[in-house]
Every structure is written in structure tokens, then in C-alpha cells.
Amino acid sequence: MGTRSNLRQSIDALCSLGSSATESVYTRLVLECVRANDAEQAARLQAHMESHSFRPNDTYIHNRLLHLYAKSGKVGTARNLFDRMPKRDVFSWNAMLSLFAKSRAQEDLWATFNDMPVRDSVSYNTVIAGFTDNRLPRKGLEVFAMMVVDGFQPTDHTYVSALHSCSMLLGLRQGKQIHGRIVLTGSLGTNAFVWNALINMYAKCGEINHAWWLFDKVPDKNVVSWNSMISAYLEVGLPEKCIEMFHEMQLASLKPDQVTISNVLNAYFETRRVDEARNLFSEVKGMKDKVCWTTMIAGYSQNGREEDALMIFRQMLLANAQPDSFTISAVISACAKLASLHQGRALHSKAILIGVDDNLLVSSALIDMYCKCGTISDARFVFNSMPSHNVVSWNAMIRGYAQNGRDQEALSLYESMIQANKKPDSVTFLAVLSACMHANLIEEGKKYFNSISKDHGITPTLDHYSCMIHLLGRSGRLDKALDLIKQMPHEPDSLIWSSFLSVCSKKGDIEHGEIAAKRLLEMDPFNAGPYIMLSNMYAAHSRWDDVASVRSLMNSRNVKKFAAYSWVEFDNKVHKFVSEDQAHPESEKIYGELQQLTRRLQEVGFVPNTRSVLHDVGEDEKFSSVCYHSEKLALAYSLLKLPGGVPIRILKNIRICVDCHLFMRYISKVIGRHIILRDATRYHHFIGGECSCKDYW
DNA sequence: CTAGGGTTAG
């Protein structure tokens with residue numbers, strides 16, 4: 001800081017002098033600017049020299065200025081000086097290469113390299129590194145080959161960048177060739193950079209044992225060596241080994257750095273040791289960079305702790321850490337999971353404020369968030385505002401339409417994607433097939449399903465088969481659906497059998513349903529879902545003995561039902577309800593409102609549907625348990641609290657029951673409000689007595 | 001003057 005202000009004062013003094021200084025004064029000041037890394041003052045100094053027609057012949061001074069501008073990303077200033085230099089040597093050209101490499105101007109980098117009258121090995125190294133950093137590893141390796149052909153001996157710098165290119169390309173063969181050359185030329189000495197690049201290359205190419213073998217041989221292991229190995233284990237899915245290495249590293253008296261921490265945090269999150277991750281995070285007080293913060297946010301969010309993710313983000317802002325596009329997209333995706341429109345909108349503003357709203361990561365997260373909150377028009381606005389789309393943003397939008405019951409829009413957007421010559425992937429087809437499934441478009445569904453492998457060369461996944469089972473089952477062809485399961489190239493998993501069970505239950509086909517339930521219970525005897533489905537099917541046919549035997553099986557195995565709950569968000573707060581909830585402070589008012597609503601609906605012909613009640617109890621008891629399901633309580637509370645005209649958003653962790661669905665349809669008509677209910681599988685938009693899912697969910 | 005490790009959406 002002191003150097004900087006001294007520098008400014010010296011240059012101020014020089015400027016007020018009104019005459020030129022001697023060459024040695026200029027040289028000294030330029031070097032001071034370089035030392036202080038102060039391109040602003042350097043530019044002032046250059047201007048002063050030129051305004052006094054002082055043109056030092058010394059290319060050295062110009063080169064130092066050029067490099068300083070290059071390092072500070074002052075493209076225009078550097079280019080201007082370069083163009084007017086009376087003499088240029090290889091250092092001047094290299095400075096320009098470095099400038100273009102750093103400012104991601106690949107075309108200029110390549111053109112400059114080709115224009116050079118003479119090159120040295122640094123020129124090649126700079127270009128190879130430039131291409132590698134700009135994610136053009138093939139070009140990097142091309143220049144590496146060119147360097148050898150042109151008769152230059154590769155240096156350690158060359159090997160490091162070239163190996164980095166191989167890691168990006170997963171080019172094990174090329175990597176091994178370079179390794180061979182390094183050994184032959186005796187370059188594998190004590191330079192940790194080369195060792196680490198090799199470890200990294202083998203690790204990225206999946207050769208973890210080879211990476212470990214090298215790591216073991218590194219003479220002076222530094223933090224980066226350890227980090228390379230730790231991230232290698234993370235990469236190949238051995239988080240336990242990462243944590244082990246982390247402890248060993250500390251035993252070897254090496255201090256972990258920010259990279260170590262963020263890798264190890266990831267390893268903790270992958271092994272679901274969320275609290276250990278939090279403890280580690282709070283221990284490393286002084287050395288949290290934005291990657292550490294982001295890892296923590298993403299880790300919480302991926303482990304179902306979205307509220308904590310948002311809390312960490314607030315702490316990050318309070319700690320004055322600067323969020324970037326990775327951070328913002330992680331926080332937005334936490335909001336998406338919570339379907340928290342209020343906070344999601346605030347984050348959208350934040351993204352605009354820090355200038356990352358048109359980043360691909362952030363925009364896709366925003367589209368997803370708006371879709372999950374049910375505000376599809378906002379999602380479409382973001383989609384339309386994007387300068388370019390990739391497969392993830394297309395998928396987010398297509399899927400968002402499909403999830404919100406806008407099946408035709410989903411399919412027509414898919415057609416536009418194909419028109420735009422974009423390659424769909426398996427996620428795209430999942431969205432397309434689920435649109436067909438909800439719109440009951442059997443022929444189209446079959447057509448899209450067949451095109452997955454035929455036209456796009458993708459093997460259909462279990463998710464795709466699951467959609468087809470729903471489609472076939474819905475048209476009553478349960479035998480066809482079962483045939484399809486038998487023909488699959490994959491072993492049917494629980495998703496397949498539960499899809500099949502769910503269509504059987506809708507069609508009341510107990511025979512097929514029993515097959516599915518049997519398979520599911522073999523796979524996971526503690527999952528309550530199949531027991532309940534089967535039991536409901538028996539109950540619908542009044543087979544009470546079978547209902548009782550399923551229930552006693554459940555009890556003997558001590559299978560617990562998944563707790564169902566619903567929540568609503570307003571005033572920046574989440575209000576959560578369980579079935580027959582009495583815990584809310586305004587419980588009495590809520591029940592009063594709900595009873596009044598139920599009476600109004602019954603007047604216009606609504607009959608509570610108690611079919612979905614598990615066991616054979618008296619009608620009164622069934623009636624009350626259905627009447628106070630969590631989503632109904634959440635609805636009553638929202639009606640008490642929200643002004644008219646505002647859409648009501650309810651979220652639920654499991655699928656909505658038949659009675660609640662019908663209830664919501666009636667309500668939307670009787671009171672004329674738009675109700676959006678997101679359950680575990682999809683979005684229900686209730687408007688004027690109809691639901692966007694067309695009663696199929 | 002040129003080089004290494006970490007966050008990557010649906």
C-alpha cells in the first residue's frame with residue numbers, strides 16, 4: 001500500500017514538473033510500477049514520456065510496460081504501445097502472446113504467434129498454456145508437436161501445460177508418451193510442477209493406481225501434490241480415501257490450503273458427514289475463499305439442507321466474500337428445491353447486480369427455479385433473454401413445461417430444439433416422454449421413444465422405460481407394459497416396479513399389482529410405499545382380510561410410513577403442516593376456515609373421497625382423516641393470510657391424494673383462485689375447477 | 001517473460 005501511494009506521489013511530482021526527466025529516472029519509475037504491479041501509474045508515466053516526445057530507445061523499458069499491461073489485462077493500452085514500438089524483440093512478442101492468452105483472445109493469440117519473426121521456447125510455452133487455459137487442449141497439443149518439429153527442446157513449463165491438455169482430453173495415450181519423453185530426457189527431477197502434472201493426468205484419465213505410484217515417489221511433496229492426490233480420489237469416487245489423505249497430510253506437517261479444504265468438504269458431503277463438514281468449515285476461519293463457501297452451500301443443498309445453504313450464503317455476504325456464478329447458481333438451485341419464489345426473485349436481482357445473470361449456469365438454474373415455483377412465464381423470459389442455449393437450458397425449459405402440465409408447449413419447444421440443430425440427451429427425452437405421458441399421447445410417445453436409439457443413438461434409460469410403462473398402462477395395456485419390462489436391456493429396478501404398481505393401482509388390476517408389489521418388497525422390505533399401495537387396492541375392492549394381512553406384515557416388520565407434510569411460504573417464512581396438525585398457533589382459525597370451505601363445496605356437490613384411506617375404519621373416522629390432510633390445512637391458512645387475487649402456492653413432499661386433488665379443483669372454481677400445488681412428482685395448477693394434470697398424476 | 005490443485009446447471 002505504502003509503495004503504491006509513494007509511486008503515485010513520485011509520478012504526480014514528475015507530471016507537475018512540466019519537463020522531461022532523464023532516462024534513468026524513467027527506468028527507475030517503470031521498474032517501481034512493475035514491482036507494485038500498478039498498471040494505472042505505468043500508463044500515466046508512459047503518457048508523460050510521450051508528451052515530452054521522449055522516446056527511449058531501450059526496448060527493455062517498453063517490454064516491461066507491455067508485460068505489466070498484459071498482466072493487468074489492459075489489452076488496448078498494450079496493443080497501442082506494441083504497434084508504435086520502434087524495435088520489437090522476442091520478449092515484446094511474448095508479452096503480446098501472454099496478453100492474448102490471459103484475455104481469452106484465441107484468434108489474436110494464434111495470429112500473433114504466426115506473425116512472429118522469431119520465437120523462443122517461451123513463445124511456444126505461452127501459446128500451449130494459453131490454449132489449455134482456454135479449453136482448447138487439442139490446439140495446445142498441436143503446438144506442442146509443432147515445437148518439437150521446429151527443433152525446440154520442451155521445458156518443464158511445456159510438459160506441465162501439455163500434460164494439462166492431456167488431462168482435459170482424457171488422452172491417456174498422449175499423456176503416457178509425454179511421460180516417456182520426460183523420463184528419457186531426465187526431466188523428472190525435483191520440480192514438483194512436473195510431478196504434480198503427471199499425477200493429475202493419470203488421475204483424470206482414471207489411472208488412480210498409477211497416480212498413487214507416482215505420488216509415492218515425489219521427492220518433495222508439497223500441498224499441491226497432496227491436493228492432486230486428494231482430488232484424484234474424489235474424482236474416482238473414493239471420498240473415504242480423500243479424508244484419509246487429509247489426515248495423513250497433516251501428520252506429514254503440511255498445512256492444508258483452500259483447495260484442500262474445498263476438496264475435503266466435498267468428500268465429507270459425499271459421505272453424508274454433513275456435521276463434520278460444518279465443523280471443518282468453521283475451523284478454517286481465516287482461509288475461506290469463495291470456492292470453499294460455494295462448496296459448503298452446494299453440499300448443504302445436495303444433502304437436503306437447503307435452509308442451511310441459504311444461511312451460509314448470507315454469512316458469506318456478511319464476511320464480504322464475493323459470490324460468483326458458481327455461488328449464485330448453487331444458491332438458486334437451493335431456492336428451486338424449496339420452491340421459494342420470494343428468495344429466488346431476490347437472488348435473480350443479485351445475479352443481475354453482480355453481472356452473472358446471463359451466465360449459462362445461472363440462467364439454467366433460474367429457469368429451473370421459476371419452473372419449480374410454478375411461474376413458467378418468468379422461466380420463459382429468462383430462457384428468451386439468454387444469448388445462447390445449451391442442452392441444459394433447453395432441458396430445464398422443456399422439463400419445466402412438462403412438469404407444469406403445459407405438455408404441448410414442452411413438445412413444441414423440443415421440436416424447436418431439433419430445428420435449431422441442437423443435440424438432445426437422455427434428460428431431454430425424459431422431459432419429452434413425461435409430457436406425452438401426461439397428455440396421454442400414446443402414439444407420439446412411442447414415436448419419441450423409438451427415436452431415442454434410432455435417430456439419436458442413445459440407449460433408453462430406466463426413466464424412459466418408466467414413462468412408457470405409464471403410457472401403456474394408462475391405456476389399459478398392462479400386459480404390454482409387463483412385456484416391455486421383460487424386454488428391457490436393463491434389470492428392472494424399484495422405479496420400474498413402482499411405476500408398474502402405480503398404473504396397476506389406477507386400473508384396479510390386483511393380479512398385476514401383486515407381482516409388482518412382491519418384487520418391490522423383495523428389494524426393500526422397509527419401504528412403506530408398496531404396502532400402502534397394495535393395501536389401498538385391496539380396500540377399494542373391499543378385500544378387508546387382505547388389507548389386514550398387509551397391515552400386520554407392515555407392523556411385524558416395523559415399517560414406518562413416510563411422514564407427509566405440506567408447506568406454504570409468505571412473509572419470508574415457511575409454514576409447515578402435517579395431517580390433522582394441531583401445533584400451529586392459529587390452529588383454531590384454520591380449522592374453522594377449512595370446515596366452512598368443506599361445507600361450501602358440499603353444497604355444490606363435492607363428496608369427500610375416502611377411497612385412499614388405508615384401513616377399514618368407520619366412515620366418520622375416514623372422513624375426518626381425509627378432511628384434515630396437510631395440504632388442506634395449508635390451503636386454509638393461505639386463504640386466511642393472502643389477499644384475494646394472489647395465486648396460492650402449496651408444496652408437498654409426497655403425492656397428493658385423490659380427495660385433496662378433487663377438493664382443490666372445486667375450491668379453485670368456487671372461490672375463483674389459482675392454486676398451484678407442487679407434489680413429489682409434478683405441479684398441479686388448479687384454475688376454474690380444472691387441473692393442469694388433467695387428473696392424471 | 002511461460003507452468004500445477006478446487007466449485008460445473010437439468
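Everything quoted here is computed from the prediction, not taken from an experiment. So that the names make sense, note that chain A is the first sequence line, chain B the second, and so on, each numbered from 1.
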In whole angstrom, give the distance that lies between atom [atom1] of [X] and atom [atom2] of [N].
{"X": "A:I367", "N": "B:dA9", "atom1": "CD1", "atom2": "P", "value": "15 Å"}
{"X": "A:I230", "N": "B:dG6", "atom1": "CD1", "atom2": "P", "value": "12 Å"}
{"X": "A:M116", "N": "B:dT2", "atom1": "CE", "atom2": "P", "value": "14 Å"}
{"X": "A:D357", "N": "B:dA9", "atom1": "CG", "atom2": "P", "value": "19 Å"}
{"X": "A:L65", "N": "B:dC1", "atom1": "CG", "atom2": "P", "value": "14 Å"}
{"X": "A:F131", "N": "B:dT2", "atom1": "CZ", "atom2": "P", "value": "17 Å"}
{"X": "A:N191", "N": "B:dA3", "atom1": "CG", "atom2": "P", "value": "13 Å"}
{"X": "A:I182", "N": "B:dG4", "atom1": "CD1", "atom2": "P", "value": "14 Å"}

- Message: Quick test of your reading of the model: are A:K241 and A:E244 salt-bridged, counting only N-O distances below 4.0 Å?
- Response: yes
- Message: For A:R79, is there an ion pair with A:D83 - N to carboxylate O distance below 4.0 angstrom?
- Response: no
Would you classify [X] as touching base, sugar-phosphate or nothing, given that sugar-phosphate means primed atoms plus P, OP1 and OP2, and contacts are heavy atoms under 4.0 Å?
{"X": "A:V391", "answer": "base"}
{"X": "A:A129", "answer": "sugar-phosphate"}
{"X": "A:D368", "answer": "sugar-phosphate"}
{"X": "A:N63", "answer": "nothing"}
{"X": "A:S329", "answer": "nothing"}
{"X": "A:L360", "answer": "base"}

- Note on the structure: salt bridge (Lys or Arg N to Asp or Glu O under 4.0 Å) filter on A:D324, not counting sequence neighbours, yields none
- Task: Please list residues of residues 259-270 of chain A whose heavy atoms come under 4.0 Å from any atom in DNA chain B, ordered by number; otherwise none.
- Result: A:V259, A:S262, A:N263, A:N266
- Those residues of residues 199-221 of chain A lying under 4.0 Å from DNA chain B by at least one heavy atom: A:N200, A:K204
Candidates [options] - which lies nearest the side chain of [X]:
{"X": "A:D133", "options": "B:dC1, B:dG4, B:dT7", "value": "B:dG4"}
{"X": "A:T295", "options": "B:dT7, B:dA9, B:dC1", "value": "B:dT7"}
{"X": "A:Q302", "options": "B:dA3, B:dT7, B:dT8", "value": "B:dT8"}
{"X": "A:D120", "options": "B:dC1, B:dA9, B:dA3", "value": "B:dC1"}
{"X": "A:V392", "options": "B:dG4, B:dC1, B:dA9", "value": "B:dA9"}
{"X": "A:H67", "options": "B:dG4, B:dC1, B:dA9", "value": "B:dC1"}
{"X": "A:D156", "options": "B:dA3, B:dG6, B:dA9", "value": "B:dA3"}

- Task: Answer yes or no: does atom NZ of A:K337 have more than 12 heavy-atom neighbours from other residues, nucleotides or ligands under 6.0 Å?
- Result: yes
- Task: Would you state whether a donor and an acceptor, one from the side chain of A:N227 and one from the base of B:dG4, lie under 3.5 Å apart?
- Result: no
- Without hydrogens or angle criteria, can the side chains of A:T190 and A:D220 be said to hold a donor-acceptor pair below 3.5 Å? no
- Task: Scan side-chain atoms only and decide if A:T59 and A:D89 contain a donor-acceptor pair under the 3.5 Å cut-off.
- Result: no
- Task: Quick one: closest heavy-atom pair of A:A330 and A:T294, and the distance?
- Result: CB-CG2, 4.4 Å
Mind checking what makes side chain to side chain contact (heavy atoms under 4.5 Å, CB included) contact with [X], not counting sequence neighbours?
{"X": "A:Q315", "result": "A:W293, A:M311, A:I312"}
{"X": "A:S165", "result": "A:T132, A:P137, A:L141"}
{"X": "A:E235", "result": "A:K204"}

- Query: With no hydrogens and no angle check, is any side-chain donor or acceptor of A:H438 less than 3.5 Å from a backbone partner on A:S434?
  - Reply: yes
